[in-house]
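What you see below is based on every heavy atom in this structure, not just the backbone, and it leaves out hydrogens, waters and symmetry mates. Source: prediction; values computed, not measured.
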Amino acid sequence: MPYSGIVQENGEWVGKGYAFYIFNIISTKLNFTYTIIPPKEHILGDEKSGVLGLLNEKKAEVAVAFLPVLPEMRRYCSFGASLDETRLTAVMKRPQVSATGSGLLAPFETTVWLLVLASLISIGPIIYIFAKISRKLWNDPTSENFTLSSCLWFAYSSLLKQGSEIIAITDTTRILFATWWIFILILTSFYTANLTAFLTKPQFTLSISSIQDIVYMGYTWITFKGRIVDFLLSQDHQNDLSLLNVSKWQGKGIFKYYEPSKDILDAVSTKRLFLAESHYLQTLLFQDYLNKTRNRLDHNLRCTYVIMPEAILTTNRAFAFSHDSPTKKYINRLLRRLVETGIVQHRKEEDLPLAEICPVDLRSSERQLQNTDLLLTYEVVVAGYAIATIIFLFEIICACISCRVKNRKVKHRSRVPKEKSQNHSSKNLSIEKRSNSPVNNPGAENLMIQGKQQFFNGRNYYVITDQDGDRRLIPIRTPSAFLFQYVD
């Protein structure tokens with residue numbers, strides 16, 4: 001129900017639902033009567049059980065039910081004219097949080113973020129290459145002497161609208177700088193606008209949208225035993241629902257016989273789904289909504305369940321006939337007329353309201369920001385602090401290593417024997433006095449050339465470092481110094 005059902009009245013089986021409503025119209029038009037033969041089990045079955053068993057053994061002429069038109073069932077029966085198209089989907093308890101996640105990444109799709117990242121990484125090397133080529137062409141080593149790290153830092157700082165130390169001189173780099181700034185201006189403008197729109201009025205989405213999400217995200221699902229899901233999963237070959245066997249083997253697939261709607265909805269939760277036809281699930285949600293409205297519950301508490309908008313299987317439905325049935329062509333002729341005139345569709349929609357029942361997005365006009373909207377923002381802050389801490393520790397380690405290296409050099413120099421240094425100083429005392437003059441020491445000229453000139457106390461000196469690492473000052477005597485010497 002509400003498609004097809006039977007009840008006993010005065011000891012006889014009487015058909016109910018949409019299917020028997022249509023079949024009664026046909027029996028009136030063709031002027032025949034019929035007898036209902038109920039199956040032992042209300043399942044699709046196989047060659048010896050269920051509805052298909054009655055048709056295969058020709059114990060029944062026609063199955064008055066909206067049966068799925070599946071290739072696997074044609075060996076047991078033949079199908080009549082298509083009545084409608086059904087969508088197999090899932091119902092779950094409405095989650096409190098949308099699957100959109102943090103609003104920080106919501107304005108752009110994943111592809112856009114990847115392209116922005118690629119642009120950020122590529123613009124720095126491009127500027128560096130063009131600047132290096134321009135410097136070589138103009139043979140000017142001081143022109144735009146950019147490093148690769150400075151170019152990468154320029155791209156990153158521009159993205160955050162910060163300044164940079166590098167300055168473009170040539171026309172090529174100026175155009176590259178301007179292009180990147182225009183790109184950043186447009187990108188940040190769109191991001192700010194979309195982020196504002198998302199935070200003020202976002203669209204609620206579910207975490208599942210396909211059969212792959214149900215399996216790989218570890219959802220438990222419930223369905224009727226012997227119906228379309230159970231029938232397809234019992235087949236040996238691959239089909240559209242074969243992926244659900246993964247959950248079934250993990251013990252996350254539950255099969256139950258037909259139960260009242262209240263028991264079905266009570267078994268559903270945010271991580272436990274119920275798989276059935278979309279129209280049947282809409283009927284369940286509408287009855288649940290009416291019951292909660294009669295109990296005067298708040299509006300937010302009436303739509304506690306939600307149907308997955310996407311379908312995991314789409315197939316046609318029709319009456320089934322036994323093979324070589326003589327009544328098939330006559331019944332099919334009237335079935336086509338009922339479908340084409342819209343009577344079948346009208347009968348299905350007659351029990352449901354025109355408005356959508358408990359849609360995914362309730363379109364609430366008021367919304368307050370929650371921690372989940374800023375969750376990724378918190379993660380970025382924590383990640384930034386963690387990276388800064390790691391870099392700080394790395395700097396401390398590098399500083400300690402450099403200090404140890406310097407201390408080792410100092411200790412190595414202090415290990416030179418004092419006697420050797422004293423003998424060396426006494427032997428070369430006279431030589432040092434004479435070495436101040438480039439005339440007495442032939443190698444002094446080379447030392448002076450290698451040394452650096454520095455100005456101390458009004459005089460110029462050569463700063464010479466000897467083989468032992470000691471630094472000495474050798475005064476530079478100008479020609480005027482000889483004149484003063486003779487005057488004295």
Side-chain angles (χ1 to χ4, degrees), residues 87 89-92 94-127 151-162 176-219 240 243 270-271 273 278 306-314 356 358-384 386-387:
R87 299 170 59 255
T89 184
V91 65
M92 63 185 300
R94 182 180 295 276
Q96 298 297 325
V97 181
S98 174
T100 305
S102 175
L104 195 62
L105 299 177
F108 295 150
E109 293 181 350
T110 305
T111 306
V112 179
W113 285 115
L114 294 177
L115 292 176
V116 171
L117 180 61
S119 302
L120 177 62
I121 295 174
S122 61
I123 189 64
I126 290 174
I127 295 175
C151 293
L152 293 174
W153 189 255
F154 161 76
Y156 173 72
S157 60
S158 299
L159 184 64
L160 301 181
K161 296 183 178 181
Q162 301 295 323
L176 289 175
F177 279 31
T179 303
W180 180 246
W181 284 332
I182 293 173
F183 172 76
I184 293 301
L185 176 63
I186 298 174
L187 181 70
T188 53
S189 300
F190 275 106
Y191 179 81
T192 304
N194 289 345
L195 182 62
T196 304
F198 173 80
L199 294 178
T200 54
K201 196 175 182 64
Q203 182 179 3
F204 191 91
T205 58
L206 297 179
S207 58
I208 55 173
S209 59
S210 62
I211 189 173
Q212 288 80 8
D213 295 336
I214 297 175
V215 175
Y216 297 132
M217 297 180 69
Y219 279 85
D240 295 335
L243 190 59
T270 54
K271 294 294 290 184
L273 314 175
S278 177
V306 63
I307 299 176
M308 185 178 73
E310 291 77 12
I312 62 176
L313 177 68
T314 301
E356 187 178 0
C358 295
V360 176
D361 189 3
L362 294 178
R363 300 177 180 88
S364 177
S365 58
E366 297 180 359
R367 183 179 185 273
Q368 293 180 339
L369 292 180
Q370 302 175 356
N371 279 331
T372 54
D373 297 321
L374 303 175
L375 182 61
L376 187 58
T377 309
Y378 302 148
E379 294 176 357
V380 169
V381 172
V382 173
I387 294 173

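- Here the CG-CD1 distance, from Leu243 to Ile214, works out to 9.5 Å after rounding to the nearest 0.5 Å.
- Using a 4.5 Å heavy-atom threshold, the side chains of Leu313 and Ile211 count as separate.
- With values rounded to the nearest 0.5 angstrom, Leu273 atom CG is found 9.0 Å from Ile312 atom CD1.
- Counting heavy atoms from C-beta on, the side chains of Leu152 and Pro125 come closer than 4.5 Å.
- The closest donor-acceptor contact from the side chain of Thr89 to the backbone of Glu310 lies under 3.5 Å.
- Residues Leu115 and Phe108 fail the side-chain proximity criterion, which asks for heavy atoms closer than 4.5 Å.
- Listed by chain and number, the residues in a side-chain hydrogen bond (donor to acceptor under 3.5 Å, both in side chains) with Gln212 are Ser210 (sequence neighbours excluded).
- Counting all heavy atoms, side chain and backbone alike, Gly124 lies closest to Cys151 at O-CB, 3.4 Å.
- The side-chain heavy atoms of Ile127 and Phe177, taken from C-beta on, include a pair separated by under 4.5 Å.
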Identify all side-chain donor-acceptor contacts of residues 179-186 below 3.5 Å with residues at least two apart in sequence or on another chain.
residue: Thr179; atom: OG1; partner: Ile175; partner atom: O; Å: 2.7
residue: Trp180; atom: NE1; partner: Ala155; partner atom: O; Å: 3.4
residue: Trp181; atom: NE1; partner: Ser158; partner atom: OG; Å: 3.3

